[in-house]
Amino acid sequence: MNKQHARTHYCGELTETHIGDTVTLCGWTHNRRDHGGLIFVDLWDKKGIVQVVLNPQIDQLAHQHAQSVRGNFVLRVTGKVRERPEGMINDKLSTGKVEVYIDDFEILNRSKTPPFSVWEDQEVSEAIRLKHRFLDLRGEMLQRNLNIRYQITRKVRETLDKQGFIEVETPMLTKSTPEGARDYLVPSRLNAKKFYALPQSPQLFKQLLMVSGMDRYFQIVKCFRDEDLRNDRQPEFTQIDMEMSFVTEEELFGLVEEMVCGLYKDILNIEVPKPFQILPYKDAIRKYGTDKPDLRFGLELIDLGDVVAGTSFKVFADVLKSGGQVRAINAKNSTETLSRKVLDDLTEVAKTYGAKGMAWIKINADGLQSPITKFFEQEMLDKLIAEVGGEAGDTIVFIADKPKVVADALAHLRLELGKILSLIDESKVCLAWVTEFPLVEYDEEDNRYVALHHPFTSPLQEDEDKFESAPGDIRARAYDLVLNGNEIGGGSIRIHTKEIQDKMFQLLGIDEEEARIKFGFLLDALQYGAPPHGGIAFGLDRITMLFTGADSIRDVIAFPKTQKATCLMTEAPSEVDLHQLKELKLKYDLS
RNA sequence: GGGGUCGUAGUUCAGUUGGUUAGAACGCUGGCCUGUCACGCCAGAGGUCGCGAGUUCGAGUCUCGUCGGCCCCGCCA
């Protein structure tokens, strides 16, 4: 008992090949079954579970000690691996053909009864699990997810290393950027009234590294954005961030495809075909209403503006008159599934995205069923149905509104219909590049153009003459990688000349002085031999979600935050001592 | 900022129209048990019904507020 044995094996690794060996195992008590004369303990570690047997005939003392063992106690045991007696094999365990007869038994630590059963299937409220995250992490799902997350970063590093990238760290305490998301601010003690910001991304630093001749940079790096959380959004998240000099879109796409296909092959053993589909932004919006379409199924959007032009149906006519659109989806073979109730629910979905309503026509075997057909002349109705390829069994759903509302509502209706009609093949992997995003977009509220991607994105060369005439029509050399309807990465070829960068700032309403204050260092750098360059950043958390099938980003992060951006375990954020504030020369505004 | 939903033993839940002492399962504690693996059997402990007001003779149940978890809109260059 006094002599400490070193661990020789992981619990989950023992197999028939170890029969006869004397082993020392360390782990947690997963379960115990005390038969009085004979005690079984299921010992757990990260590799799995093995049954250990305490028999007083083998070792009286060990058996006696084991009587006080409870769940989650930490044990070190030594004993001989034996084949299980006939009929005693447990098929549910990978170690189920063997068991370990213990002759040396030590309780390394006791455990309070945990607030929930770590290894049991029972669903426990997330709040309790988050408060005791260290216990939840002992569970199978999180062990697996974090393992896959690590496999992804390992493979990314391996691939990029082979391609000549080096990983460079960039500052966490940096400068606040005016555009984009809200910054997390850090007060500077040595510089009163001044603040650092935590990076929203290492964007500018990686561009500067290109000016420095690093040629190929990457970093797996935390980024911070002080915005509201979602299912797939945390205030701190991790990007796989890359930048390359003298690169073209084609070259970058090829490299990324290599990496992504490698991940699928290595981790999920799935062969994903290359190259990925390229889908210009304009086409994506036209066909799917979104820049991140789920391409695993059809249900494309159809524009009916021309067909219904001149209709007396006031809803459509008014929308068209004010520059809006009438678009539709033909849900094939859906009249049975899309009951009145389901259509009402879909209407609510449409309303969430700003639509005032959703019109529909069911093509039943015995004729049309619809609240709106009575407003149409037969001839227009025939044309309409022909246009959408309507046949018996189909349901046509319409949204009429401003183009943005129509696209938004129909994009989400399309996804809902895909789910309801079971059109989504979960085994499919559809990856596509969405390209040619608009460079800027007009912000009605602020009365100015804002960058769609970010202000350092290069315009398409052939559109450069539109800076004055039609800024909204300038296409960007920007691209997103979309996986089954999820944006998993995005990037661009950057502006590398001061002239174009100045034009861009001008377009965004950032005057010379402001540009100098905010981005002076970048503008300087661009004048000292900045190479053409471009890059991309991937959301590691989202990729891991998709690879693990996790329902929430919290399930792929070791210590995540709640929807109110708090940590239930550490109780961050918290109040601080007054003297800390004094040192920082900060005080509360109590108003 | 807004909408929705949930909150009752340690955990997951039930709790009728507002009515006696708030129940079950698992877990936990003690006892018995040499082949179990969701061991079994016997006994037991365990409750600020999230919190605060209000209505009522009486509130887990109704009303209002508030706190917290989750989902969504806005937001996320």
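Residue numbers start from 1 in every chain, and the chains themselves are labelled A, B, ... in the order their sequence lines are given, proteins ahead of strands.
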Comparing Q122(A) with V53(A), nearest RNA chain B nucleotide closer to 5' gives the residue Q122(A)
The ring-ring contact (aromatic ring centres under 6.0 Å, His included) partners of Y288(A) (sequence neighbours excluded) come to none
note: N55(A), atom CG; C33(B), atom P; distance rounded to Å ~ 15 Å
The residue, N90(A) or P114(A), whose nearest nucleotide of RNA chain B is more 5′ is P114(A)
Among G35(B), C37(B), U34(B), the one nearest any side-chain atom of P56(A) is U34(B)
Would you classify D226(A) as touching base, sugar-phosphate or nothing, given that sugar-phosphate means primed atoms plus P, OP1 and OP2, and contacts are heavy atoms under 4.0 Å? nothing
Just by distance, do the side chain of N90(A) and the backbone of K92(A) share a donor-acceptor pair under 3.5 Å? yes
When the P atoms of G60(B) and G52(B) are considered, how many whole Å apart are they? 12 Å
T238(A) meets the side chain to side chain donor-acceptor pair (under 3.5 Å) criterion, sequence neighbours left out, with R149(A)
Rounded to whole Å, the CG-P distance (L93(A) to U36(B)) equals 15 Å
Of C37(B), C28(B), G69(B), the nucleotide closest to the side chain of T113(A) is C28(B)
Residue set satisfying ring-ring contact (aromatic ring centres under 6.0 Å, His included) with F467(A), at least two apart, ordered chain then number -> none
With sequence neighbours left out, the residues meeting side-chain contact (heavy atoms from CB on, under 4.5 Å) with L452(A) are F437(A), P438(A), E441(A)
For nucleotides 41-46 of chain B, 5' to 3', base contacts (B), sugar-phosphate-only contacts (S) and non-contacts (-) with protein non-hydrogen atoms under 4.0 Å give ------
Verify ring pair (Phe, Tyr, Trp, His ring centres under 6.0 Å) between H18(A) and H9(A), making sure each step is shown before the conclusion.
CA-CA 10 Å; H18(A) 300 98; H9(A) 296 77; 4.8 Å; yes
Counting just side-chain N and O atoms, does S117(A) come under 4.0 Å of either OP1 or OP2 of C28(B)? no
By the Watson-Crick or G-U definition, both distances under 3.5 Å, G35(B) is matched with none
The ring-ring contact (aromatic ring centres under 6.0 Å, His included) partners of F505(A) (sequence neighbours excluded) come to F519(A)
Considering only the P atoms, how many Å lie between G46(B) and C41(B), rounded to the nearest integer?
24 Å
Point to revise | Distance between P atoms of C42(B) and G58(B) (Å, rounded) | key: 44 Å
Short side-chain donor-acceptor distance under 3.5 Å, T95(A) and Q51(A) = no
- Message: Suppose you measure atom P in G4(B) against the same atom in U63(B); what distance do you get, rounded to whole Å?
- Response: 14 Å
> Is there a donor and acceptor pair, one atom on the side chain of E120(A) and one on the base of U11(B), closer than 3.5 Å?
Replying inline: no
For U16(B), the nucleotide meeting Watson-Crick or G-U wobble distances (both under 3.5 Å) is none
* Test log, rule side chain to side chain contact (heavy atoms under 4.5 Å, CB included), inputs F559(A) and L137(A) -> CA-CA 9 Å; F559(A) 299 102; L137(A) 287 167; 3.8 Å; yes
Taken in chain and number order and not counting sequence neighbours, the residues that satisfy side-chain contact (heavy atoms from CB on, under 4.5 Å) with T113(A) are none
In whole angstroms, the gap separating P of G69(B) from CD of Q234(A) amounts to 12 Å
From CG of D42(A) across to C1' of G35(B) the rounded distance in Å is 13 Å
Across all chains, not counting sequence neighbours, the side chain to side chain donor-acceptor pair (under 3.5 Å) partners of N72(A) are R138(A)
By side-chain contact (heavy atoms from CB on, under 4.5 Å), V74(A) pairs with (sequence neighbours left out) W28(A), L108(A), N109(A)
Taken to the nearest whole Å, CD/Q67(A) to P/U34(B) is 11 Å
The ring-ring contact (aromatic ring centres under 6.0 Å, His included) partners of F73(A) (sequence neighbours excluded) come to none
Within residues 94-103 of chain A, the residues having a heavy atom closer than 4.0 Å to RNA chain B are E99(A), Y101(A)
**Asked** Is D42(A) paired with R32(A) through a side-chain N to carboxylate O contact shorter than 4.0 Å?
**Response** no
- Pair H35(A) and F40(A), ring centroids less than 6.0 Å apart: yes
Here the distance between atom C1' of G27(B) and atom NZ of K112(A), to the nearest Å, is 15 Å
Under 3.5 Å donor-acceptor pair, E123(A) side-chain atoms to U11(B) base atoms: no
Euclidean distance for P, U11(B) against C49(B) (whole angstrom):
14 Å
Under a 3.5 Å limit on both distances, the Watson-Crick or wobble mate of G60(B) is none
Considering only heavy side-chain atoms of R84(A), the closest of C37(B), U11(B), C28(B) is C37(B)
note: I128(A), atom CD1; C70(B), atom P; distance rounded to Å ~ 13 Å
Among the nucleotides C37(B), U34(B), C70(B), whichever has the atom closest to the side chain of Q57(A) is U34(B)
Taking a pair to mean Watson-Crick or G-U wobble geometry with both distances below 3.5 Å, G68(B) pairs with C6(B)
Paired to A25(B) by Watson-Crick or G-U wobble criteria (both distances under 3.5 Å) is U11(B)
Any stacking of F116(A) on U11(B), going by centres under 5.5 angstrom and planes within less than 30 degrees? no
For K92(A) and A38(B), is the shortest distance between a side-chain N/O and OP1 or OP2 below 4.0 Å? yes
Roughly how many Å apart are G54(B) and A59(B), using the P atom of each and rounding to a whole number? 12 Å
Inter-nucleotide C1' distance (G68(B), U8(B)), Å rounded: 16 Å
H30(A) atom NE2 is separated from U36(B) atom P, nearest whole Å, by 19 Å
With sugar-phosphate taken as primed atoms, P, OP1 and OP2 and all else as base, the protein-contact string of nucleotides 71-77 of chain B at under 4.0 Å (heavy atoms; B, S, -) is BSBBBBB
Looking only at atom C1', what distance separates A38(B) and A25(B), rounded to whole Å? 13 Å
